[in-house]
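Throughout, protein chains are lettered first and strands after them, A, B, ... in sequence-line order, and every chain is numbered starting at 1. For the numbers below, each heavy atom of this structure counts, side chains included, while hydrogens, waters and symmetry mates do not.
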Number of protein chains: 2
Amino acid sequence: MSEAISNLSRKEQVIRKAAELFKEKGYAAASMRDLAHLLGIEAASLYSHIKSKEEILRSLCFDMAAEFQKSLAEVESKNVTASEKLRNGIIGHIQVMAKDLTASAVFMNEHRHLSQPYLRDFLLMRINYINRFKSIIEQGVKSGEFKDSIDKKLAVMTLFSSLNWMPMWYDPGSAIDPLQLGLQLADMLVNGLKKNA
Amino acid sequence: MSEAISNLSRKEQVIRKAAELFKEKGYAAASMRDLAHLLGIEAASLYSHIKSKEEILRSLCFDMAAEFQKSLAEVESKNVTASEKLRNGIIGHIQVMAKDLTASAVFMNEHRHLSQPYLRDFLLMRINYINRFKSIIEQGVKSGEFKDSIDKKLAVMTLFSSLNWMPMWYDPGSAIDPLQLGLQLADMLVNGLKKNA
DNA sequence: CCTACCGATCGGTAGG
DNA sequence: CCTACCGATCGGTAGG
């Protein structure tokens, strides 16, 4: 029993350290020997904790994806205006990323190294997530809250670009905390979409 | 003479094809054998055109960097308001990227695989470029064109995130052309910064 | 642009 | 978690 628990937490140590390495060097350039060295063990020993290098990547990508889905589902369940919904969606997305900036960076930059059929599943989940944000924007256009002059695809991709690069530059030790960051980002993006500021 | 010209253009063929490959698989996961195969030659033959794999990456990254610098320098030379300057900067950045979406994607995603001292030089150029955009935003805050409530680092990083992800999703065959794209992006971002819309 | 090849490194396994 | 090791692949060179 305590052995199982200890194995689990050691596995998580491996995954967390791998996330740091993947973020820093990129998945393809990060070797299992690098990872083992960081953990103070031999490369072969990693395989008593994980099945393969890609299993680590899968676990990082799909765990993050699940968090994003959960956050968005809660946002959608509230009966509020489209601008409010969009704002909450942005704040939620930022909060999820802020909980694990390293995994978020890997999620964003390294998912393409997933093999099939995982890559396909991942991309389907992502397009679904993006489309749900697009729906919120479309609702806002219909309700008159947002300009109808702007291209919806451009709007939603700009939104995602802004959100997804955050883990690359945000310093968690900075004066601005994740909630403030989300609020300011939402303000900058939503007010840019609104008809009247 | 014609041999030199032919070598030059063959070298450029190699670099362009490499850009496509680097964009698709990532620099580290793209092998010189992949590249050779795409060109219909043997891997060893590549080395009569280029010195090394990294030379290709350097050429892609620094050529794009030079284009960005040139575009921004021209924007800065015009004596206009900060919002106009920012708008022109965004349009210029988008136009430069649109001229070579593949190289732009490599510039953005693969520059970290540059070795020293090239990586350092690259990052210094980038921070300089970003800081010049930041100055424009600061001018706009001082002149009262932009809100002073927003964090300047957040604003400029959001701006760059939006710009730099464009090569990942923009379809050059789409109805919206690069100039329209630049205008709409500038509208979405600048009006989000402006005090009064 | 090719054949032939090199040393280094890769992810991973066997067996303890 | 280790030693010992494997086949595959890597970027690149020699010599033509």
Do the side-chain N or O atoms of B:Ser31 get closer than 4.0 angstrom to the phosphate oxygens (OP1, OP2) of D:dC10? yes
Starting from C1' on C:dT13, measure out to CD1 on A:Ile50 and report it in whole angstrom. 13 Å
Can you check the B:Leu57 CG to D:dG12 C1' distance for me, whole Å? 17 Å
When rounded to whole Å, the NZ to C1' distance for the pair A:Lys51 and C:dG11 reads 16 Å
Does a side-chain N or O from A:Ser45 land closer than 4.0 Å to OP1 or OP2 of D:dC2, or not? yes
Can you see if the side chain of B:Ser48 gets near the phosphate of C:dC1 - specifically, an N or O under 4.0 Å from OP1 or OP2? no
Between D:dT9 (C1') and B:Leu35 (CG): distance, integer Å: 16 Å
Could you state the atom-to-atom distance from CG of A:Leu38 to P of D:dC1 in whole Å? 14 Å
Indicate whether OP1 or OP2 belonging to D:dG12 is found under 4.0 Å from a side-chain N or O atom of B:Arg33. no
Nucleotide opposite D:dG15 in a Watson-Crick or G-U pair, distances under 3.5 Å: C:dC2
Test your reading of the model: is there a side-chain donor-acceptor pair from A:Glu67 to the backbone of A:Val96, 3.5 Å cut-off? no
Using whole Å, report how far CD1 of A:Ile41 lies from C1' of C:dG12. 14 Å
Where the side chain of A:Glu42 is concerned, which of C:dC2, D:dT3, C:dT13 is the nearest nucleotide? D:dT3
Touch class at under 4.0 angstrom, heavy-atom based, for B:Ala36 against every strand present: nothing
For C:dG7, which nucleotide in any strand shown is its Watson-Crick or wobble partner with both distances under 3.5 Å? D:dC10
Roughly how many Å is it from NE2 in A:His49 to C1' in D:dC1, rounded to a whole number? 7 Å
To the nearest Å, how far apart are B:Tyr47 OH and D:dG11 P? 6 Å
Candidate nucleotides C:dA14, C:dT3, D:dG12, ranked by approach to the side chain of B:Ser52 - the nearest: D:dG12
Could you see if B:Tyr47 belongs to whatever hydrophobic cluster contains B:Leu38? Use Ile, Leu, Val, Met, Phe, Trp, Tyr and a side-chain cutoff under 4.5 Å. yes
salt_bridge(A:Glu84, A:Arg87) N-O dist < 4.0 Å: yes
So, B:Asp187 and A:Lys147, do they make that salt bridge, N to O below 4.0 Å? yes
Salt-bridge present (A:Arg16, A:Glu20; N to O < 4.0 Å): no
As a test of reading the structure: which of C:dG12, C:dC1, C:dT3 is closest to the side chain of A:Lys53, going by heavy atoms? C:dG12
